[in-house]
Amino acid sequence: MGNTMIVIDGNSLIHRAFYALPPMKKRDGAPTNAVYGFMTMLFGLVDSYQPQYMAVAFDRREKTFRHQMFEEYKAGRRKTPDELIAQFPILKHTLDTLGIARLELAGYEADDILGTLSHQYAGEDMEVYLVTGDRDAFQLVTDHARVLMTRKGVSDLEVFDEAHMQEVYSLRPGQIVDLKSLMGDSSDNIPGVPGVGEKTAVKLLSQFGTLDSLYSHLDELPKNKLHEKLELNRELAYLSQKLARIDQNIPLNTKLSELAFAGLQDDSLRQALEELEFTSLLKRRSLEREKTAAVEEETLDDIQKLKKKAEEWEEASMIALHYDGEKLSLSLQRDREFIVPITLSLLGGGISPEDVFSCLKPLLESKKAAKIMHDAKAFLHDCAKFDISPQNIAFDTMVAAYVLNPTRRNFSLEKLKEYYGADGSAAAVMAIYEQQRKQIDELQLGRIFYDIEMPLIGVLFDMEQEGFTVNLQTLEELSARYAEDIARITSEIYALAGTSDFNIASTKHLGVILFEKLGLPVIKKTKTGYSTDIEVLEKLHDQHPIIEKIIEYRQLTKLKSTYIDGLMQTIRSADQKVHTTFNQVATATGRISSTEPNLQNIPIRSALSAEIRNVFIPSKPENYIVSADYSQIELRVLAHISGDAHMCDAFLHDEDIHTRTAAEVFDVPPSEVTAEMRSSAKAVNFGIVYGISDFGLARNLGIPRYKAAEYIKKYLEEFDGVRTYMHTIVEQAKQDGYVRTLWGRIRYIDELSSSNYNTRSFGERAALNTPIQGTAADIIKYAMIEVPRRFREKNLQSKLILQVHDELIVDAEPEELEQVKKILVDTMQNACKMKVTLKVNVSEGKTWAEAK
DNA sequence: GCGATCACG
DNA sequence: ACGTACGTGATCGCT
């Protein structure tokens with residue numbers, strides 16, 4: 001009984017489809033035409049051949065690729081558009097979902113994989129079909145291997161066996177390589193014999209059979225121009241032959257079982273098409289979710305009815321809830337929901353918010369029913385107004401969407417409803433939950449989602465609720481004083497400029513004054529004009545006394561507008577505290593962010609910063625601000641992930657890592673490392689974590705590029721494990737399209753497959769940095785969950801109030817101070833077992849400035 | 001709404 | 001040949 005195997009040239013098909021099909025309407029991050037074309041082609045193939053084995057091959061031949069790009073660039077041809085390149089990771093992900101093997105091998109093209117597989121498996125008991133748009137593949141045709149060539153678009157395939165080739169090209173498969181040797185192929189960078197085109201090449205081959213035979217019988221040809229060209233370009237012809245021949249024996253260690261294909265399963269196909277938002281394909285394959293029984297809706301606008309229902313729901317094991325300010329919606333199953341309209345004015349219908357919330361209080365506070373919600377933290381704030389503290393919040397669809405893909409822009413329920421094809425309100429939350437739960441399992445994101453992000457929601461809520469007390473009076477004094485200072489400097493600047501007819505805060509005006517009126521040299525430009533940033537000003541510092549004043553002006557206005565006046569506006573009058581909002585779904589790496597006010601960028605580096613930090617005080621006069629921060633957490637994470645022996649060694653001996661780095665980079669014993677050397681080494685270490693370049697390091701240190709390159713070279717010689725890590729993580733990321741942290745948090749990096757050098761380089765640096773920054777984020781998040789848990793366990797009243805990426809801030813009761821410090825250090829240090837130890841520094845003070 | 005700038009890790 | 005460190009948010013001026 002014969003089997004069938006289909007092997008598809010992924011690169012060739014995507015290219016074909018992209019250029020053949022009209023562009024699709026752009027959607028947020030969604031694939032466009034090429035993946036669509038690919039999928040329709042795939043369906044056609046599976047339906048007509050019903051293969052038992054299937055694989056899609058991709059190019060992994062960087063040098064050739066770059067070379068081609070360069071050639072195209074020189075020839076002034078358009079570069080491959082980014083939208084095309086962006087389709088590869090999407091396609092790869094879809095293939096994974098569909099259970100179709102995808103193959104790639106560093107150093108080889110998809111062609112070679114097609115060749116090797118057909119060579120390996122085509123035979124009596126296996127018919128192999130090679131799907132491509134590249135006519136090179138004709139050389140692979142045998143009795144049991146056929147080529148399916150795309151024609152007009154991609155879903156229309158022409159089957160080539162030996163007979164059909166003879167019919168169309170009058171050539172045997174074996175002659176294809178020789179054909180290319182003669183005629184060349186510009187798209188593949190095969191030169192061929194200049195002046196010989198397809199017609200001539202076919203004629204020569206039908207006369208002589210092979211290239212070898214042609215050259216050994218060259219004298220049989222009339223001594224004309226053609227003869228001369230062939231004679232002259234013999235070497236080029238043979239080089240072309242080499243280039244045109246597909247390698248059928250590449251070291252592809254794939255077992256036949258890995259290529260097994262069980263057909264398109266409804267479940268995975270539906271998931272794939274939904275992710276792609278290909279609704280028309282869903283429809284065509286009759287895979288639409290049963291939206292037929294659209295969400296059944298029951299309105300509960302009577303308080304007695306609501307009360308009765310709420311009692312029933314208390315017995316449920318799971319309930320989805322959604323509150324949008326106008327109505328509260330509840331659902332036990334994805335096709336049915338209850339809507340409680342909420343009165344916003346005396347005139348409107350519905351039930352007052354007080355009544356609704358008090359009716360639902362027992363349900364919300366019951367530990368029995370697991371609550372499924374979208375943005376649970378916001379709901380916790382709503383409940384807090386009614387003195388309700390919901391329990392057993394088991395799943396947050398907003399946070400789940402973030403964990404599944406942190407680079408999404410929009411996590412609104414509306415967007416998720418579109419994405420998951422869900423309807424209604426709480427019913428939609430329920431439907432989305434059912435799908436996300438599976439996705440989290442499949443992508444092995446359970447640890448991050450259930451053990452970190454879900455418990456973190458309540459911790460962040462508590463921190464937001466608690467707030468950070470600020471000294472309003474001091475802020476007012478600072479505001480007045482800074483206003484005077486700014487006024488003084490403003491007039492000094494006007495005097496030095498010789499005019500007061502410009503706005504110092506306007507970079508446009510300032511540029512005119514500095515570079516036109518005062519004639520200072522232009523250091524760099526922005527898109528819109530002269531750059532006047534701090535880097536430029538520092539370079540101009542010695543050239544004019546106005547520069548120093550501008551730097552001072554900038555600093556003072558920044559501090560005043562953002563950190564004094566800005567902060568003052570966010571103070572809640574009820575408690576004289578600032579209550580930041582933590583955004584749990586903001587960053588690509590897993591960090592949290594802080595807004596209104598942002599308490600994660602309060603000044604600390606400058607001389608004046610202590611004045612600002614002194615404004616932040618404990619909630620009671622007798623309390624302390626305790627700050628505990630990780631020492632070098634990112635470098636320690638790097639040491640662990642890379643396993644670099646020297647770096648691990650340095651940390652295990654608790655050496656100063658920057659001094660150690662300096663000793664290696666500058667080739668001196670650690671005892672002879674100067675402050676300046678250490679500071680340069682510090683910049684090198686930062687650079688390593690960010691994905692270093694000699695240019696970047698040179699700019700940062702203000703040294704020549706060659707010197708920076710030397711530093712990096714010396715660094716990587718000593719820390720060889722880091723070099724290996726940098727290389728392997730990027731390779732891995734390019735294969736997978738994503739990177740993960742130590743605990744499995746995922747980040748897809750589409751930029752890695754870009755044809756644009758800058759875009760791709762950015763992707764490489766992100767691939768390198770994300771596991772480091774993200775692992776550090778995972779670790780401190782774990783500590784954030786554990787610290788308040790231990791406070792509760794010991795019945796402590798001290799409160800965790802802030803996180804600043806590698807630092808936790810606690811408002812501590814005086815009698816709990818020592819316990820608090822101990823819990824902080826112990827929890828943070830032991831949050832993650834690694835090859836190196838984590839180190840934590842802790843200190844306290846009567847203000848945030850003193851806790852250092 | 002966006003670019004430039006600058007505050008933080 | 002290409003331009004360059006990773007991750008954020010707030011404020012200002014300007015279109």
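Throughout, protein chains are lettered first and strands after them, A, B, ... in sequence-line order, and every chain is numbered starting at 1. Every value quoted in this text rests on a predicted model; they were computed, and no experiment measured them.
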(message) So if I take every side-chain heavy atom of A/Ala766 and compare against B/dA7, B/dG3, C/dG7, which nucleotide ends up nearest?
(response) C/dG7
(request) For C/dT4 versus B/dA4, give the span between their P atoms, rounded off to a whole number of Å. (result) 12 Å
(request) Ignoring backbone atoms, establish whether A/Lys508 has a side-chain N or O less than 4.0 Å from OP1 or OP2 of C/dT15. (result) yes
(request) Would you state whether a donor and an acceptor, one from the side chain of A/Gln600 and one from the base of B/dC8, lie under 3.5 Å apart? (result) no
(message) In this structure, how many angstroms lie between the P atom of C/dT4 and the OH atom of A/Tyr757, rounded?
(response) 11 Å
(request) Scan side-chain atoms only and decide if A/Thr827 and A/Glu786 contain a donor-acceptor pair under the 3.5 Å cut-off. (result) no
(request) Indicate, with a heavy-atom threshold strictly under 4.0 Å, whether A/Asn598 touches base, sugar-phosphate, or nothing. (result) sugar-phosphate
(message) By nearest atom, which of the nucleotides B/dG3, C/dC6, C/dA10 is closest to the A/Thr595 side chain?
(response) C/dA10
(request) Would you classify A/Ile534 as touching base, sugar-phosphate or nothing, given that sugar-phosphate means primed atoms plus P, OP1 and OP2, and contacts are heavy atoms under 4.0 Å? (result) sugar-phosphate
(request) Would you please confirm or rule out a distance under 4.0 Å between OP1 or OP2 of C/dC6 and any side-chain N or O of A/Arg765? (result) yes
(request) Tell me what A/Ala683 touches on the nucleic acid: a base, only sugar-phosphate, or nothing, going by heavy atoms under 4.0 Å. (result) base
(request) Check every atom of C/dA10, C/dA5, B/dA7 against the side chain of A/Leu697 and return the nucleotide holding the closest atom. (result) C/dA5
(request) Considering just the side-chain nitrogens and oxygens of A/Arg591, establish if one lies under 4.0 Å of OP1 or OP2 belonging to B/dG9. (result) no
(request) Dot-bracket notation for DNA chain C is requested: 5' to 3', Watson-Crick or G-U wobble pairs only, both distances under 3.5 Å, with ( ), [ ], | and . as defined. (result) .....|||||||||.
(message) If you compare every side-chain N and O of A/Ser531 against the phosphate oxygens of B/dT5 (OP1, OP2), does one of them come in below 4.0 Å?
(response) yes
(message) Taking side-chain contact (heavy atoms from CB on, under 4.5 Å) as the definition, give me every residue that meets it alongside A/Ser561, ordered by chain and number, with sequence neighbours left out.
(response) none
(message) Is there a side-chain contact between A/Thr562 and the phosphate of C/dT11, meaning an N or O under 4.0 Å from OP1 or OP2?
(response) no
(request) Would you classify A/Ser609 as touching base, sugar-phosphate or nothing, given that sugar-phosphate means primed atoms plus P, OP1 and OP2, and contacts are heavy atoms under 4.0 Å? (result) nothing
(request) Give a yes or no on whether a donor-acceptor pair under 3.5 Å exists between the nucleobase atoms of C/dT8, that is its base, and the side chain of A/Ser593. (result) no
(message) Nearest whole Å is fine: how far is B/dT5 P from A/Lys527 NZ?
(response) 12 Å
(message) Which nucleotide wins on minimum distance to the side chain of A/Gln555, given the candidates C/dC6, C/dG13, B/dA7?
(response) B/dA7
(request) Any chance you could lay out the side-chain contact (heavy atoms from CB on, under 4.5 Å) test for A/Met828 and A/Ile633, step after step, and finish with the verdict? (result) CA-CA 11 Å; A/Met828 290 170 75; A/Ile633 187 169; over 6 Å; no
(request) Classify the nucleic acid contact of A/Ser761 as base, sugar-phosphate or nothing, counting any heavy atom under 4.0 Å across all strands shown. (result) nothing
(message) For the backbone of A/Asn614 and the side chain of A/Glu850, can you confirm whether one donor and one acceptor N or O come within less than 3.5 Å of each other?
(response) no
(message) Whole angstroms only, please: what is the CG-P distance between A/Leu635 and B/dG9?
(response) 15 Å
(request) Check A/Ile746 against A/Pro406 and note the closest heavy-atom contact, atom names and distance. (result) O-CG, 3.1 Å
(request) Look at all strands and tell whether A/Arg605 reaches a base, only sugar-phosphate, or nothing, counting heavy atoms closer than 4.0 Å. (result) base
(message) If I take atom CZ in residue A/Arg636 and atom C1' in nucleotide B/dG9, what distance separates them, rounded to the nearest angstrom?
(response) 16 Å
(message) Rounded to whole Å, how long is the line connecting atom CZ of A/Phe686 with atom P of C/dG7?
(response) 15 Å
(message) Can you tell me which nucleotide in B/dG3, C/dA5, B/dC6 comes closest to the side chain of A/Asp533?
(response) B/dC6
(request) Could you tell me whether A/Ile604 contacts a base, only the sugar-phosphate backbone, or nothing, with contacts defined as non-hydrogen atoms closer than 4.0 Å? (result) sugar-phosphate
(message) Around atom OH of A/Tyr494, are there more than 12 heavy atoms from other residues, nucleotides or ligands closer than 6.0 Å?
(response) yes
(message) Angle between ring planes, A/Tyr748 versus A/Tyr738, binned at 30° and 60°: parallel, tilted or perpendicular?
(response) perpendicular
(message) Any side-chain N or O of A/Thr589 below 4.0 angstrom from OP1/OP2 of C/dC6?
(response) no
(request) Could you say whether A/Asp565 or A/Asn758 is positioned toward the 5' end of DNA chain C, judged by the nucleotide with the nearest heavy atom to each? (result) A/Asn758
(message) Quick check on C/dA5: is either OP1 or OP2 less than 4.0 Å from any side-chain nitrogen or oxygen of A/Arg699?
(response) yes
(request) Pick base, sugar-phosphate or nothing for A/Thr532, based on heavy-atom distances below 4.0 Å to the nucleic acid. (result) sugar-phosphate
(message) Between A/Asn756 and A/Thr759, is there a side-chain donor-acceptor contact under 3.5 Å, judged purely by atom types and distance?
(response) yes
(request) Please state how far atom CD in A/Glu535 lies from atom P in C/dT4, giving the value in whole angstrom units. (result) 12 Å
(message) Categorize A/Asn583 for me: base, sugar-phosphate, or nothing, with a 4.0 angstrom heavy-atom threshold over every strand shown.
(response) nothing
(message) If I take atom CD1 in residue A/Ile592 and atom C1' in nucleotide C/dG9, what distance separates them, rounded to the nearest angstrom?
(response) 13 Å
(message) A/Leu559 and side-chain contact (heavy atoms from CB on, under 4.5 Å): which single residue from A/Ile486, A/Leu608, A/Asp565 fits?
(response) A/Leu608
(request) Determine the contact category for A/Val804: base if any of its heavy atoms lies under 4.0 Å from a base atom, sugar-phosphate if only primed atoms, P, OP1 or OP2 are that close, otherwise nothing. (result) sugar-phosphate
(request) Give the rounded distance in Å between these two atoms: CG of A/Leu808 and P of B/dG9. (result) 14 Å
(request) Answer with base, sugar-phosphate or nothing: what part of the nucleic acid does A/Glu596 contact at a heavy-atom distance below 4.0 Å? (result) sugar-phosphate
(message) What's A/Gly566 touching, base or sugar-phosphate or nothing? Going by heavy atoms closer than 4.0 Å.
(response) sugar-phosphate
(message) The side chain of A/His805 is closest to which nucleotide in this list: B/dG9, C/dG9, C/dC14?
(response) B/dG9
(request) Classify the angle between the aromatic ring planes of A/Tyr530 and A/Phe515 as parallel (below 30°), tilted (30 to 60°) or perpendicular (above 60°). (result) tilted
(message) Using a heavy-atom cut-off of 4.0 Å across all strands, would you classify A/Ser594 as base, sugar-phosphate, or nothing?
(response) sugar-phosphate
(request) Write down the distance separating the P atoms in B/dT5 and C/dA5, rounded off to the nearest Å. (result) 14 Å
(message) Is the base of C/dC6 stacked against the aromatic ring of A/Tyr690, taking ring centres under 5.5 Å apart and planes under 30° as the test?
(response) yes
(request) List the atom of A/Lys377, the atom of A/Asp396, and the distance in Å for their closest heavy-atom pair. (result) N-OD2, 4.4 Å
(request) Check every strand shown and say whether A/Arg705 touches a base, only sugar-phosphate, or nothing at a heavy-atom separation below 4.0 Å. (result) base
